[in-house]
Protein chains: 2
Amino acid sequence: MLAPMKKPLDASLHLDEQLCFALYAASRRMTATYRPLLEALDLTYPQYLVMLVLWERDGLTVRELGERLQLDSGTLTPLLKRLEQAGLLGRRRRQSDEREVEITLTDAGHTLREGAADIPRCMAEKLCMSIDAFTRLRDELKTLATQLAPPTDPRE
Amino acid sequence: MLAPMKKPLDASLHLDEQLCFALYAASRRMTATYRPLLEALDLTYPQYLVMLVLWERDGLTVRELGERLQLDSGTLTPLLKRLEQAGLLGRRRRQSDEREVEITLTDAGHTLREGAADIPRCMAEKLCMSIDAFTRLRDELKTLATQLAPPTDPRE
DNA sequence: CATAATTTAATTGTGCACAATATAAATTTT
DNA sequence: AAAATTTATATTGTGCACAATTAAATTATG
């Protein structure tokens, strides 16, 4: 009699079975789909995310922006300097705490929001998803990210 | 009488409502979760993906690798040179067509697969998802990526 | 108060991503 | 066969990501 068949329960090393690759590929496709829309505004995708945060609430510090986007100063500092060069925002140390750098939108930065107003609708068209499927997938991804987040520092 | 309430159907510019950001953040969290596992193998995450493909089928060209991973030579050429430096693979022009560069695993490259064998199980533990939820999410992401893929060139 | 510890940004260095261009080989057209 | 086109890879340049280090300001502690 043959030995019992080995169950293929050992997770595989096949690319097409990986959740990580589906995620990685979809994320890059998504960014690529935004690219032509953002080119019209002279923004990269990460720059667009920063602008989204600042359009919601202006005057955040680099740290607060980083918490929101899960990016550190090594990424944000040069990105913010480029947006400053582009005339969309200003950076200045707070007088209350000179360690903190406050980011403030310029008039041009505020105005750019109008140019971005059509982007979500335009992207929604390309997605071809029901609002329900959209919301469900988005929230599943949020849950996944939370699950993968490093354990919270017990001091907090 | 008041004017009818405007439905918030105009897609929003709020960060937390964006599918794109959930995707972008989850993808980076996923890569960050792989990082300590891959450090033990001296691989970055994109390098790991290349190795996954080559463990499946050796002797692919740069173009074939790029099609599989959706990456171009600007990304792959330096990455492959680093893997070559690390002694995991070799690169040589094909005699049948000198334009093509064939990538072949070295013995060390083949052997590394054993060191990677535990990674999927280890990641599965951290995910805390049922096999069903895993498969469904993965396939939804594949569908999304396909939906966002540029239209195929009609010549093909 | 003095100094040690902590916090916040910036800097440096490595490795992707990706557009644009270059180069060379192969293929097709003329 | 020569010219034009296509294909495969490499190169260059820009902009993220992120680890590690540095520097400055603030807070905590003896």
Side-chain angles (χ1 to χ4, degrees), chain A residues 20-21 24-36 38-39 42-51 60-67 69-86 91-103 150 153 155-156, chain B residues 20-21 24-36 38-39 42-51 60-67 69-86 91-103 150 153 155-156:
Chain A
C20 67
F21 178 63
Y24 165 80
S27 179
R28 286 189 300 119
R29 278 306 317 148
M30 179 70 81
T31 303
T33 307
Y34 270 95
R35 199 165 293 122
L38 295 177
E39 251 165 33
D42 257 303
L43 291 176
T44 65
Y45 178 69
Q47 289 168 7
Y48 172 66
L49 294 180
V50 166
M51 295 304 288
L60 296 177
T61 64
V62 173
R63 183 183 60 76
E64 289 166 325
L65 265 172
E67 276 173 11
L69 298 170
Q70 296 296 304
L71 292 170
D72 68 9
S73 70
T75 300
L76 286 175
T77 297
L79 186 157
L80 292 168
K81 283 183 178 174
R82 280 186 283 271
L83 291 178
E84 185 183 34
Q85 279 301 304
R91 305 158 57 245
R92 64 166 175 284
R93 299 270 167 189
R94 281 202 173 147
Q95 70 276 46
S96 62
D97 186 336
E98 291 275 354
R99 290 171 304 182
E100 297 182 321
V101 171
E102 182 174 309
I103 307 299
D153 192 317
R155 285 172 306 180
E156 296 173 37
Chain B
C20 67
F21 178 63
Y24 166 80
S27 178
R28 286 189 299 119
R29 279 304 319 147
M30 180 70 81
T31 303
T33 307
Y34 270 94
R35 199 165 294 122
L38 294 177
E39 249 164 36
D42 258 301
L43 291 177
T44 65
Y45 177 70
Q47 288 167 8
Y48 172 66
L49 293 180
V50 166
M51 294 304 288
L60 296 178
T61 65
V62 174
R63 181 183 61 76
E64 289 167 324
L65 265 171
E67 276 173 11
L69 299 170
Q70 297 297 303
L71 292 171
D72 68 10
S73 71
T75 300
L76 286 175
T77 296
L79 186 156
L80 292 169
K81 282 182 179 173
R82 282 186 283 269
L83 290 178
E84 184 182 35
Q85 277 302 303
R91 306 157 56 245
R92 64 167 175 283
R93 298 271 167 188
R94 282 199 172 149
Q95 71 276 43
S96 61
D97 186 336
E98 290 274 353
R99 291 171 303 181
E100 297 184 316
V101 170
E102 181 174 309
I103 308 298
D153 192 318
R155 284 171 306 181
E156 294 173 35

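Just so it is clear, the structure is predicted and the values come from calculations on it, not from any experiment. Protein chains get the first letters and strands the later ones, always in sequence-line order, with residue 1 at the start of each.
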> In whole angstrom, what separates A/Leu65's CG from C/dT8's P?
Replying inline: 14 Å

> Going 5' to 3' along nucleotides 9-18 of chain C, which nucleotides have protein heavy atoms under 4.0 Å from the base (write B), which only from the sugar-phosphate (write S), and which from neither (write -)?
Replying inline: SBB---SSBB

> Expressed in angstrom and rounded to an integer, what is the separation of B/Arg92 atom CZ from D/dA8 atom P?
Replying inline: 19 Å

> Got a sec, which residues hit side chain to side chain contact (heavy atoms under 4.5 Å, CB included) with B/Ala86, two or more places apart in sequence or on another chain?
Replying inline: B/Leu88

> To the nearest Å, how far apart are A/Leu38 CG and C/dA19 C1'?
Replying inline: 16 Å

>> Once side-chain hydrogen bond (donor to acceptor under 3.5 Å, both in side chains) is applied, do any residues pair with B/Glu67, and if so which ones, sequence neighbours excluded?
In response: B/Arg63

> Quick one: A/Asp97 CG to D/dT26 P, roughly how many Å, whole number?
Replying inline: 5 Å

> Could you give the CD-to-P distance, from B/Glu39 to D/dA19, as a whole number of Å?
Replying inline: 9 Å

> With sequence neighbours excluded, what pairs up with A/Thr33 under the side-chain hydrogen bond (donor to acceptor under 3.5 Å, both in side chains) test?
Replying inline: none

> When all nucleic acid strands are considered with a 4.0 Å heavy-atom cut-off, which category describes A/Ser96: base, sugar-phosphate, or nothing?
Replying inline: sugar-phosphate

>> Using the side chain to side chain contact (heavy atoms under 4.5 Å, CB included) criterion, which residues pair with B/Gln70? Sequence neighbours excluded.
In response: A/Arg28

> Which class fits the ring pair A/Tyr45 and B/Tyr24: parallel under 30°, tilted 30 to 60°, perpendicular over 60°?
Replying inline: perpendicular

> B/Asp97: what forms a side chain to side chain contact (heavy atoms under 4.5 Å, CB included) with it, not counting sequence neighbours?
Replying inline: B/Arg99, B/Glu100

